[in-house]
Amino acid sequence: MNARSNSVEVMTPVSRRRIPEAAVIRLPLYLRILNDLTADNCTQISSDQLAVLAGQNAAKVRKDLSYLGSYGTRGVGYDVAYLLYQIQRELGLNKSWPIVIVGAGNLGQALGNYGGLSERGFVVAAVVDSDSAKVGSVVGGVRVSHVDDLPLIVQSKGVSIGIIAVPAQHAQSAADLLVRAGIGSILNFAPVMLNLPSDIHVRKVDMALELQILSYYEQVRSDARATTVTSASESVIA
Ligand code: NAI
């Protein structure tokens, strides 16, 4: 991004403008596609091409990108590097975010050791647990602290995102503690709905729920197969 990056730096950021949540959710998808295109040395992309790659319609893609102040050039499309920059800027990914993991069990350890977080700018600043036997152990290069120290850790390390990896019955109290400590965004892995103030952003990850949706489609597929086999054998008999 030579000449273009110069113009980027003098631009007035448009990132404080609110973007509808549905569009925000699609931005990381575009980001991943644009990263792949960059790796393939692709420098331009049309909204039609991006729409196909993202499984969206082109009008929606154009609308989403317009929230970034990006309208592309007719007949040329979008500059991949610039669009990548704009999305990263909008998502706040041009800086790193310290995160705290609450719960140093199986999941908390797996997340803490997952290199993909730091690659994307999410630094595990702390891991906390209520079990004193776990305090002092090392997860992802970080020494596990006691959950009671959470407020101090959040303040001293400037943490703004918390990950909940505790059993379901403890998730609400862990979330309340995160909020009291000053956390504004929570990624909840526990299979429970959290009741939190409306200004707290919560995203939920539920692998079992996703598998249940897939099991529906597998059931439909196997029902269709059974129907085909039955009608085939009926036609043989006939
Ligand atoms: P685990 O039992 O191995 O670990 C839980 C940890 O949380 C323990 O170290 C425990 O001492 C700690 N803990 C309990 N209460 C606490 C509190 N109030 N504050 C701080 N730490 C506390 O459990 P595992 O397997 O790691 O699962 C953790 C959670 O993640 C569960 O709710 C589980 O259902 C969920 N999970 C979700 C997945 C997903 O796809 N969303 C996948 C796997 C697990």
Side-chain angles (χ1 to χ4, degrees), residues 21-22 24-29 31-32 54-55 91-93 97-221:
E21 190 182 0
V24 173
I25 289 168
R26 288 187 288 272
L27 293 181
L29 174 62
L31 186 69
R32 197 175 62 204
L91 292 176
L93 301 178
W97 294 98
I99 61 174
V100 59
I101 298 174
V102 184
N106 295 312
L107 182 64
Q109 290 178 34
L111 293 171
N113 287 312
Y114 174 50
L117 289 179
S118 59
E119 274 169 23
R120 290 169 178 80
F122 299 99
V123 179
V124 179
V127 180
V128 298
D129 202 288
S130 57
D131 180 356
S132 45
K134 294 220 167 96
V135 173
S137 62
V138 176
V139 172
V142 174
R143 206 162 285 284
V144 176
S145 305
H146 196 275
V147 70
D148 289 351
D149 295 332
L150 190 66
L152 200 64
I153 291 168
V154 167
Q155 293 309 316
S156 66
K157 303 204 172 183
V159 179
S160 47
I161 300 175
I163 296 184
I164 293 183
V166 301
Q169 67 272 28
H170 299 293
Q172 183 65 51
S173 63
D176 292 339
L177 188 61
L178 283 167
V179 172
R180 277 201 304 278
I183 292 283
S185 293
I186 293 176
L187 182 58
N188 177 27
F189 280 87
V192 64
M193 291 295 287
L194 298 174
N195 185 11
L196 293 171
S198 58
D199 60 334
I200 305 298
H201 294 277
V202 182
R203 301 288 305 169
K204 193 169 182 330
V205 181
D206 194 332
M207 199 170 60
L209 187 143
E210 299 296 332
L211 285 170
Q212 283 165 349
I213 295 169
L214 290 179
S215 90
Y216 166 78
Y217 289 110
E218 280 310 299
Q219 180 172 274
V220 169
R221 198 194 297 271

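Atoms within each ligand, like the ligands themselves, are counted from 1 in listed order. Here the structure is a predicted model, which means the values were calculated and not measured.
Near P191, the atoms of ligand 1 lying under 4.0 angstrom from a non-hydrogen atom of the residue are 32 (O), 34 (O). The atoms of ligand 1 that sit less than 4.0 Å from any heavy atom of K134 are 8 (C), 9 (O). Near A190, meaning under 4.0 Å from any of its heavy atoms, are these atoms of ligand 1: 32 (O). Applying the 4.0 Å criterion to heavy atoms of D131 picks out, from ligand 1, the atoms 11 (O). With ligand atoms numbered from 1 in the order given, ligand 1 contributes 39 (C), 41 (N) to contacts under 4.0 Å with heavy atoms of V205. Proximity to D206 (heavy-atom distance under 4.0 Å) selects the following atoms of ligand 1: 41 (N).
Between the W97 side chain and the G92 main chain, a donor and an acceptor come within less than 3.5 Å of each other. For R120 (side chain) and G116 (main-chain N/O), a donor-acceptor pair under 3.5 Å exists by modelled atom type. In this structure, D149 contributes its side chain and S145 its backbone to no donor-acceptor pair below 3.5 Å. Judged purely by atom type and a 3.5 angstrom limit, D206 uses its side chain to pair as donor or acceptor with the backbone of L209. Between the side chain of R143 and the backbone N or O of V138 there is no donor-acceptor pair closer than 3.5 Å. No donor-acceptor distance shorter than 3.5 angstrom exists from the side chain of Q109 to the backbone of V139, with no hydrogens or angles considered.
In this structure, atom 31 (C) of ligand 1 lies nearest to the protein heavy atom V166 O, 3.3 Å. Counting only heavy atoms of the protein, atom 37 (C) of ligand 1 lies nearest to F189 O, 3.0 Å. For atom 4 (O) of ligand 1, the nearest non-hydrogen atom of the protein is G105 CA, 3.2 Å. The nearest protein atom to atom 11 (O) of ligand 1, hydrogens excluded, is given as D129 OD1, 2.6 Å; this is a heavy-atom distance. The protein atom (non-hydrogen) at minimum distance from atom 28 (C) of ligand 1 is A165 O, 3.4 Å. Among protein heavy atoms, the minimum distance from atom 14 (C) of ligand 1 is reached at P167 CD, 3.6 Å. The protein heavy atom nearest to atom 44 (C) of ligand 1 is L107 CD2, 3.9 Å. Looking at atom 42 (C) of ligand 1, its nearest protein heavy atom turns out to be M207 CE, 4.1 Å.
When heavy-atom distances to ligand 1 are checked against a 4.0 Å cut-off, N106 comes that close through both its backbone and its side chain. With a 4.0 Å heavy-atom cut-off, ligand 1 is reached by the side chain of V102 but not by its N, CA, C or O. When heavy-atom distances to ligand 1 are checked against a 4.0 Å cut-off, A168 comes that close only through its backbone atoms N, CA, C and O. Proximity of Q109 to ligand 1, defined as any heavy-atom pair under 4.0 Å, is not found for any part of the residue.
Remark: atom 23 (O) of ligand 1 lies closer than 4.0 Å to no protein heavy atom. Contact annotation for atom 2 (O) of ligand 1: protein absent (non-hydrogen atoms, distance under 4.0 Å).
Remark: among candidates A208, S130, A110, G108, the nearest residue to atom 13 (N) of ligand 1 is S130, based on non-hydrogen atoms.
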| Taking it one step at a time, do V127 and L111 satisfy side chain to side chain contact (heavy atoms under 4.5 Å, CB included)? | CA-CA 10 Å; V127 180; L111 293 171; over 6 Å; no
| field | Worked verdict on V179 versus L196 for side chain to side chain contact (heavy atoms under 4.5 Å, CB included) | value | CA-CA 8 Å; V179 172; L196 293 171; 3.9 Å; yes
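The closest approach between any non-hydrogen atom of A174 and ligand 1 is not below 4.0 Å.
Nearest heavy atom pair, residue A54 against residue L29, reads O-CD2, 3.6 Å.
In this structure, CG on L178 lies 9.5 Å from OG on S173, to the nearest 0.5 angstrom.
A side-chain donor from one of Q172 and D176 sits under 3.5 Å from a side-chain acceptor of the other.
The residues K204 and E210 are annotated as not salt-bridged, no charged nitrogen and carboxylate oxygen being separated by less than 4.0 angstrom.
The only option from I186, N188, I25 that meets the side-chain contact (heavy atoms from CB on, under 4.5 Å) definition with R203 turns out to be I25.
Heavy atoms from other residues, nucleotides or ligands lying under 6.0 Å from CD of Q169 number more than 12.
Considering backbone and side-chain atoms together, V128 places no N or O closer than 3.5 Å to any N or O of ligand 1.
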